[in-house]
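Okay, handing you the structure first.
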Amino acid sequence: MKAQQELDRFEIRFSGLGGQGIITLGKIMGQGLALGHGYNVTQTQSYGPEARGGSSKCDLVISSKRISYPKAESLDLLVALSQEACNAYFPYLKKGGILVIESDLVKQPPTNQFLGLPFTALAKDKIGIAQAMNTVVLGALSCLLPFINQATMRKSLEAVLPPKIRAVNTKAFNLGHRLAKKEWGEDAGEVWRVEEYEEID
């Protein structure tokens, strides 16, 4: 079990196309970090001109302290689920930040330093529901981010879902966590284990 960690400020941007569940993904992770883990969290979002098929992004700012400015401008983590989103937001990723991509949809990442999984295909082929893709992403990030406890985030996910879709989304979450651990390695998030993210004694 990961120990609770002190966070000064950690910025995440989820980005992609309308219909991929970007906003829902951000809201569920934000709620899990705030209520389940005890962090201060701000969440902001924006849509493109079309709801489905247009651009969509959702930002989280996470901190153990009070958050003075709620918007993300220097990203520690960029999750890009479309090529357009990757191109548009990669410049906001800070030095040492991590890019996570949907590897089937981002064919030309702007850097060779990234982590990728075919999230949509995994949801469709392994879970049977393509719309569960965002929950696969949530599971993968729960493996990657050193300040997220997997069991706590899964409980937060289950708490907000209607009973009829709870089981399938729990399966999707577990799939994402398992494959991230396998493909990215257990130490993929070590880049963030610097002084400002030290564990609380």
Side-chain angles (χ1 to χ4, degrees), residues 5-18 20-30 32-33 39-48 54-65 67-120 133-134 136-148 153 176-177 179-181 183-198:
Q5 293 186 24
E6 186 77 16
L7 287 182
D8 182 32
R9 183 182 178 95
F10 194 93
E11 299 185 2
I12 302 173
R13 174 164 295 165
F14 302 101
S15 60
L17 302 172
Q20 287 183 314
I22 302 286
I23 308 299
T24 301
L25 172 59
K27 286 182 176 178
I28 291 175
M29 178 176 277
L33 287 167
Y39 289 113
N40 293 309
V41 181
T42 63
Q43 184 245 326
T44 55
Q45 63 197 48
S46 68
Y47 305 90
S55 60
S56 176
K57 73 178 174 78
C58 180
D59 294 347
L60 295 181
V61 177
I62 307 138
S63 179
S64 302
K65 305 169 185 175
I67 298 172
S68 57
Y69 185 69
K71 294 187 177 181
E73 294 186 318
S74 183
L75 307 175
D76 295 279
L77 173 64
L78 172 61
V79 180
L81 303 180
S82 73
Q83 184 69 57
E84 179 186 33
C86 189
N87 295 344
Y89 301 126
F90 180 74
Y92 297 92
L93 188 65
K94 68 169 62 168
K95 184 178 180 180
I98 288 183
L99 171 66
V100 171
I101 63 169
E102 212 292 4
S103 56
D104 283 345
L105 298 179
V106 182
K107 296 293 189 182
Q108 296 179 308
T111 174
N112 59 4
Q113 300 293 316
F114 64 88
L115 298 172
L117 282 173
F119 295 111
T120 307
M133 180 267 287
N134 59 348
V136 180
V137 175
L138 181 65
L141 297 181
S142 295
C143 176
L144 176 65
L145 295 170
F147 51 84
I148 290 183
M153 185 59 73
H177 190 276
L179 287 179
K181 191 173 182 179
E183 299 295 330
W184 301 346
E186 293 190 57
D187 59 350
E190 289 295 317
V191 65
W192 291 306
R193 289 188 183 275
V194 291
E195 289 183 6
E196 63 261 41
Y197 304 133
E198 284 182 345

| query | Salt bridge check: are Lys71 and Asp59 linked by an N-O gap of less than 4.0 Å? | reply | no
When every non-hydrogen atom of Leu81 is compared with those of Leu105, the smallest separation belongs to O-CD1, 3.3 Å
The side chain to side chain contact (heavy atoms under 4.5 Å, CB included) partners of Ser68 (sequence neighbours excluded) come to none
So side chain to side chain donor-acceptor pair (under 3.5 Å) across residues 97-106, not counting sequence neighbours, yields Glu102-Thr120
**Request:** For the pair Gln20 (side chain) and Leu17 (backbone), establish whether a donor and an acceptor sit closer than 3.5 Å, ignoring hydrogens and angles.
**Result:** yes
In short, Cys58 meets Gln43 closest at the heavy-atom pair SG-NE2, 3.2 Å
Value for CD (Glu84) from OG (Ser56), rounded to nearest 0.5 Å, stands at 11.0 Å
In short, Asn87 meets Pro91 closest at the heavy-atom pair O-CD, 3.7 Å
Value for CE (Met153) from CG (Leu141), rounded to nearest 0.5 Å, stands at 9.0 Å
Taken in chain and number order and not counting sequence neighbours, the residues that satisfy side chain to side chain contact (heavy atoms under 4.5 Å, CB included) with Tyr89 are Arg13, Ser15, Lys57, Leu78, Ala85, Tyr92
Between Ile62 and the options Leu7, Asp8, Ile148, Leu145, the side chain to side chain contact (heavy atoms under 4.5 Å, CB included) test singles out Leu7
Output for pair (Phe14 CZ, Met29 CE), nearest 0.5 Å, gives 4.5 Å
Exercise for the section: Using modelled atom types only, decide if a donor and an acceptor are shared between the side chain of Ser64 and the backbone of Glu6 within a distance under 3.5 Å. Expected result: no
So CZ of Phe114 and CG of Leu93: to nearest 0.5 Å the spacing works out to 13.5 Å
- prompt: Under the 3.5 angstrom rule, does the side chain of Asn134 hit a backbone N or O of Ile22 as a donor-acceptor pair?
  reply: no
Shortest non-hydrogen pair, Ala140 vs Leu117, comes out as CB-CD1, 4.4 Å
- Query: Under the 3.5 angstrom rule, does the side chain of Trp184 hit a backbone N or O of Gly116 as a donor-acceptor pair?
  - Reply: yes
Is the backbone of Glu73 close enough, under 3.5 Å, to the side chain of Glu11 for a donor and an acceptor to pair up by distance? yes
OH of Tyr39 to CZ of Phe147, rounded to nearest 0.5 Å, is 6.5 Å
- Task: Give a yes or no on whether the backbone of Ile67 and the side-chain of Asn40 come within a donor-acceptor separation of less than 3.5 Å.
- Result: no
The side chain to side chain contact (heavy atoms under 4.5 Å, CB included) partners of Pro110 (sequence neighbours excluded) come to Cys86, Phe90, Leu99
Separation between CG (Leu77) and CG (Leu144), nearest 0.5 Å, reads 6.5 Å
